[in-house]
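The next block holds one structure in the form of structure tokens; read it before the comments.
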Amino acid sequence: GVEVGPQPQGVARADVLDKMRKIVKHGLDFVQLFNEGTEFPLCTIEVFKIMERVDYPRNKNGEIIAIIHPKLQDQDWQPLKNGDPLFLTLDGEVIPYQGNCTVYPTFINEAAYYEKKQAFVKTEKIKLIAKPLRSSAS
């Protein structure tokens with residue numbers, strides 16, 4: 001599957017559709033080159049590994065008591081460091097991120113995840129090394 005976004009639910013956006021087409025084309029080009037015997041050299045790629053799903057602050061009745069801080073909104077995949085603003089209570093109090101390492105939040109304030117009790121997903125940036133690759137088919 002290919003997920004390209006973010007975009008609002010039920011909305012078809014031309015720019016997002018264009019990105020999806022390009023991704024699929026690159027994938028098909030890779031398959032064709034691989035099937036033709038092209039060798040792909042060793043490479044390193046940065047990826048984001050899910051650490052945990054983070055819920056909104058809630059009161060004892062399970063009601064949300066804070067929203068995503070404006071400085072975090074629309075900052076998917078951007079570094080979030082200890083002390084950075086995370087949530088804003090309905091009384092205007094800032095709740096900072098408290099962590100021992102920089103993380104990269106994603107799916108920030110996505111409407112589809114409210115019912116799943118998810119304010120965002122905390123990820124870490126890691127490097128993967130892909131070994132050289134060549135088809136074994138002749």
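Heavy-atom basis, side chains included; hydrogens, waters and symmetry copies ignored. Keep in mind it's a predicted model, so treat the numbers as computed, not measured.
Placement of V94 and F87 in two distinct hydrophobic clusters is found when ILVMFWY residues are connected by side-chain heavy-atom separations under 4.5 Å, directly or transitively. Linking ILVMFWY side-chain heavy atoms closer than 4.5 Å, directly or via other members, places F120 and W77 in two distinct hydrophobic clusters. Residues L72 and Y113 are members of separate hydrophobic clusters, defined by side-chain heavy-atom contacts under 4.5 angstrom among Ile, Leu, Val, Met, Phe, Trp and Tyr. No chain of hydrophobic side-chain contacts below 4.5 Å, direct or via other Ile, Leu, Val, Met, Phe, Trp or Tyr residues, connects L17 to V11. L80 and I50 fall into different hydrophobic clusters, where Ile, Leu, Val, Met, Phe, Trp and Tyr residues are linked whenever their side-chain heavy atoms come under 4.5 Å apart, directly or through other members.
In this structure, P79 and T102 approach most closely via the heavy-atom pair CB-CG2, 3.6 Å. Summarising the geometry of D76 relative to I108, their closest heavy-atom pair is OD2-N, 3.2 Å, with the distance given to 0.1 Å. Contact detail for Q118 and F107: the closest heavy-atom pair is NE2-CB, 4.2 Å. Summarising the geometry of I68 relative to N109, their closest heavy-atom pair is CG1-CB, 3.6 Å, with the distance given to 0.1 Å. For the pair A119 and Y56, the tightest heavy-atom approach, listed with the atom from each and the gap, is CA-CE1, 3.4 Å. When all heavy atoms are compared, the tightest approach of N82 to Y97 is OD1-O, 3.2 Å.
Taking 4.5 Å as the limit, some side-chain heavy atom of F48 sits within range of a side-chain heavy atom of K125. L86 is not listed as a side-chain neighbour of H69, based on a closest heavy-atom distance of 4.5 Å or more. At a threshold of 4.5 Å between non-hydrogen side-chain atoms, the residues L42 and I129 count as touching. In this structure, K117 and R58 have side chains that are in contact, with non-hydrogen atoms separated by less than 4.5 Å. The side-chain heavy atoms of I126 and V47, taken from C-beta on, include a pair separated by under 4.5 Å. At least one side-chain heavy atom of P70 sits less than 4.5 Å from a side-chain heavy atom of L88.
A donor-acceptor pair is defined here as one N or O able to donate and one able to accept, closer than 3.5 Å; such a pair exists between the side chain of N59 and the backbone of N61. In terms of modelled atom types and a separation under 3.5 Å, the side chain of S135 and the main chain of N35 share no donor-acceptor contact.
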Candidate pair M20 and V24, rule side chain to side chain contact (heavy atoms under 4.5 Å, CB included), full reasoning
CA-CA 6 Å; M20 186 271 310; V24 170; 3.8 Å; yes
Assess whether salt bridge (Lys or Arg N to Asp or Glu O under 4.0 Å) is satisfied between K22 and D18, documenting all intermediate values.
CA-CA 6 Å; K22 287 177 181 174; D18 184 55; 3.3 Å; yes
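Taking CD1 of I64 as the reference point, atom CG of D55 lies at 7.0 Å (rounded to 0.5 Å). How far CZ of R13 is from CG of D15: 4.0 Å, rounded to the nearest 0.5 Å. For the atom pair K127 NZ and I45 CD1, the distance stands at 11.5 Å (nearest 0.5 Å). Rounding to the nearest 0.5 Å places OG1 of T123 at 11.0 Å from CZ of R53. Interatomic distance, CD of Q78 versus CG of D74, reported as 11.0 Å (0.5 Å rounding). Rounding to the nearest 0.5 Å places CD of E52 at 3.5 Å from NZ of K122.
Ionic pairing of D29 and K25 is present here: one or more N-O contacts between side-chain nitrogen and carboxylate oxygen are shorter than 4.0 angstrom.
Surrounding CD of E36 are more than 12 heavy atoms belonging to other residues, nucleotides or ligands, all under 6.0 Å away.
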